[in-house]
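The structure under discussion appears below in the form of C-alpha cells.
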Amino acid sequence: MTAVTTQAPDTRRAGRTVYVAAVVLLCAWVLVPLYFLFINTLSSPDTVNSFPKPFVPEFDTGSLAFFAGFAGMLSALKNSILVAGMTMIMSILIGAPAGYALSRFDFRGKEVFRLLILLTRAFPLPLLALPLAVMFIRTGLDDTVFGLALVHTTLAVPFAVLITFSLFSGIPMELEEAAWTLGCTRLTAFTKVVLPLILPGITASAIFAFVISWNEVFAAAVLTIENRTLTAFLLQNLDTSPLHLKFAGGFILVVPALIFIFAVRKYLFAMWGIANR
C-alpha cells in the first residue's frame, strides 16, 4: 500500500514535468523564430550577414524605412486589409448559418455533407489555378479585390462551418425552446438567446478567416497583377533582394496579423469556454 501511495505522487510529478517541457518547447518553437526575425529586422545589413547573430537588436530602422518609401506598399497594404475584411464578413455570413443548420437540424446526408466540407480542402489551390484564372477572366473578376476575396472565402468557409457547428452544438437546444414558449420566433430566439452566447466563437472564426486571407499568397499572385495583396507584392519584390530586406519584409507580413490576434485575444479565450460546455 505504501509503495502504491509513493508511486502516485512520482507519476503525477513526472506527468507535470512532461507537460511543462512540452509547453516550453511549443513556446520556443513559436517565439524563437519571431525573436530572431525581430532582431534581424532592426539590425544593420552587415550585422544580418554576420555570424554569430546578436541577441539584442541594434534598433537600426534602415530596412523598415526602405519599405516605408517603397512604391506600391501602401496600395498593397490597403488591398490586403480590404480582402481580409471581405473574407471575414463573407465567411461568417456563409459559415455561421451552415454551422447552425448542421447543429440543429437532422437531414439525409448530413454526415456526408460534413465530410464534403472537409474535402474541399483536399484539392490543392495550384491544381485549380488555371480554371479559376479562365473563369475570372471571362467574368471580369480577374485582378479585382472582390474576386480575390471570393477565393479566400472558399478557403475560409470550411473552417467557419466546422467551428460554428461545434460551438452551436455546445449550446443546449432547451434554451431556444424556452424562448419559443415565451413568444419568440426562431429568428428572435436566435438573435436574443443564441447569438450573444455564440458571439465570441463567431469572432474567433472571423479571426481565422482574417489570418487565412492575410497569409494566402498563391491566389493573389496568380489572379492579380495591379491589385496584389501585401503578401504577394512583397514575395514578388523580395525574391532577389538582400537578406536584410527579406527579414524586414517578413516582419512587415507577420506583425499586422499578430497585432490583430492580440487585439481580439479575449474572444479567442472566450471561445474555449463555449466549446467546453
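Residue numbers count from 1 along this sequence.
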Original post:
Between the side chain of Thr87 and the main-chain N/O of Phe210, is any donor-acceptor distance below 3.5 Å?
Top reply: no
Original post:
For Val157, does its backbone N or O pair with a side-chain atom of Ser91 as donor and acceptor, under 3.5 Å?
Top reply: no
Subject >> Side-chain touch Leu175/Val193, heavy atoms, less than 4.5 angstrom >> reply: yes
Original post:
Do you know which two heavy atoms are closest between Ser213 and His152, and how far apart they sit?
Top reply: OG-ND1, 2.9 Å
**OP:** Evaluate the side-chain proximity of Tyr100 to Phe105: yes if any heavy-atom separation is below 4.5 Å, no if none is.
**Re:** yes
**OP:** Specify the closest pair of heavy atoms between Pro97 and Ile92, including all atoms of both residues, with the distance to one decimal.
**Re:** CD-O, 3.5 Å
Original post:
Same cluster or not: are Ile207 and Val255 linked, directly or through other Ile, Leu, Val, Met, Phe, Trp or Tyr residues, by side-chain heavy atoms under 4.5 angstrom apart?
Top reply: yes
**OP:** Any chance you could measure Glu176, atom CD, to Cys184, atom SG, to the nearest 0.5 Å?
**Re:** 10.5 Å
Subject >> Check against side-chain contact (heavy atoms from CB on, under 4.5 Å), Asn227 and Asn79 >> reply: CA-CA 7 Å; Asn227 294 312; Asn79 290 337; 4.0 Å; yes
**OP:** Please name the pair of heavy atoms, one in Ala232 and one in Val217, separated by the smallest distance, quoted to 0.1 Å.
**Re:** CA-CG2, 3.8 Å
Original post:
Is there a side-chain contact between Thr229 and Thr224, using heavy atoms and a 4.5 Å cut-off?
Top reply: no
Original post:
Under 6.0 Å from the CG atom of Leu74, do we count more than 12 heavy atoms belonging to anything else shown?
Top reply: no
Subject >> Worked verdict on Met73 versus Ile252 for side-chain contact (heavy atoms from CB on, under 4.5 Å) >> reply: CA-CA 11 Å; Met73 275 287 297; Ile252 293 172; 4.2 Å; yes
Subject >> Verify same cluster id: Leu34, Phe38 (apolar side-chain graph, 4.5 Å) >> reply: yes
Original post:
Okay, side chain of Trp214, backbone of Ile81: is any donor-acceptor separation there less than 3.5 Å?
Top reply: no
Original post:
For the hydrophobic clusters of this structure (ILVMFWY residues joined by side-chain heavy atoms under 4.5 Å, transitively), does one cluster hold both Leu132 and Met86?
Top reply: yes
**OP:** Would you please test Phe251 and Leu64 for side-chain contact (heavy atoms from CB on, under 4.5 Å) and show each step?
**Re:** CA-CA 9 Å; Phe251 180 81; Leu64 293 177; 4.1 Å; yes
Subject >> CD1-OG1 distance between Ile89 and Thr153, expressed to the nearest 0.5 angstrom >> reply: 10.0 Å
Original post:
Taking all non-hydrogen atoms of both residues, which atom of Ile163 and which atom of Phe208 are closest, and how far apart?
Top reply: CD1-CD1, 3.7 Å
Original post:
Would you say Val24 and Val20 make side-chain contact, with heavy atoms under 4.5 Å?
Top reply: yes
Original post:
So do the side chains of Thr231 and Glu216 get within less than 4.5 Å of each other, counting heavy atoms only?
Top reply: no
Original post:
Is any side-chain heavy atom of His244 less than 4.5 Å from a side-chain heavy atom of Asn40?
Top reply: no
Original post:
Would you say Arg228's side chain and Ala76's backbone share a donor-acceptor pair under 3.5 angstrom?
Top reply: no
**OP:** Can you measure from CE (Met90) to OG1 (Thr154) and round to the nearest 0.5 angstrom?
**Re:** 9.5 Å
Original post:
Is it the case that Thr188 and Thr185 place a side-chain donor and acceptor less than 3.5 Å from each other?
Top reply: yes
**OP:** Examine Met135 and Leu148 and state if one hydrophobic cluster contains both, with Ile, Leu, Val, Met, Phe, Trp and Tyr joined whenever side-chain heavy atoms are less than 4.5 Å apart.
**Re:** yes
Subject >> Nearest atoms (heavy-atom pairs only) where Leu167 meets Ile202 >> reply: CD1-N, 4.4 Å
Original post:
Parallel, tilted or perpendicular for Phe168 and Phe190, by the 30°/60° rule?
Top reply: tilted
Original post:
Is Ser103 reaching over with its side chain to a backbone N or O of Phe165, donor-acceptor style, under 3.5 angstrom?
Top reply: no
Original post:
Crowded around Phe146 CZ? As in, over 12 foreign heavy atoms under 6.0 Å?
Top reply: no
Subject >> pair Leu195-Ile198: side-chain heavy atoms closer than 4.5 Å >> reply: yes
Original post:
So if you build clusters from Ile, Leu, Val, Met, Phe, Trp, Tyr with side-chain heavy-atom gaps below 4.5 Å, do Leu82 and Leu223 land together?
Top reply: yes
**OP:** Please say whether more than 12 non-hydrogen atoms of neighbouring residues, nucleotides or ligands are located less than 6.0 Å from OH in Tyr19.
**Re:** no
Original post:
Looking only at heavy atoms, which two atoms of Leu150 and Leu141 are closest? And how far apart?
Top reply: CD1-CD1, 4.0 Å
Original post:
Are any side-chain N or O atoms of Glu177 and backbone N or O atoms of Ala179, one a donor and one an acceptor, separated by less than 3.5 Å?
Top reply: no
Subject >> Between CG on residue Leu235 and CG on residue Leu253, distance to nearest 0.5 Å >> reply: 6.5 Å
Subject >> Main-chain N/O of Ile225 paired with Asp143 side-chain donor or acceptor, under 3.5 Å >> reply: yes
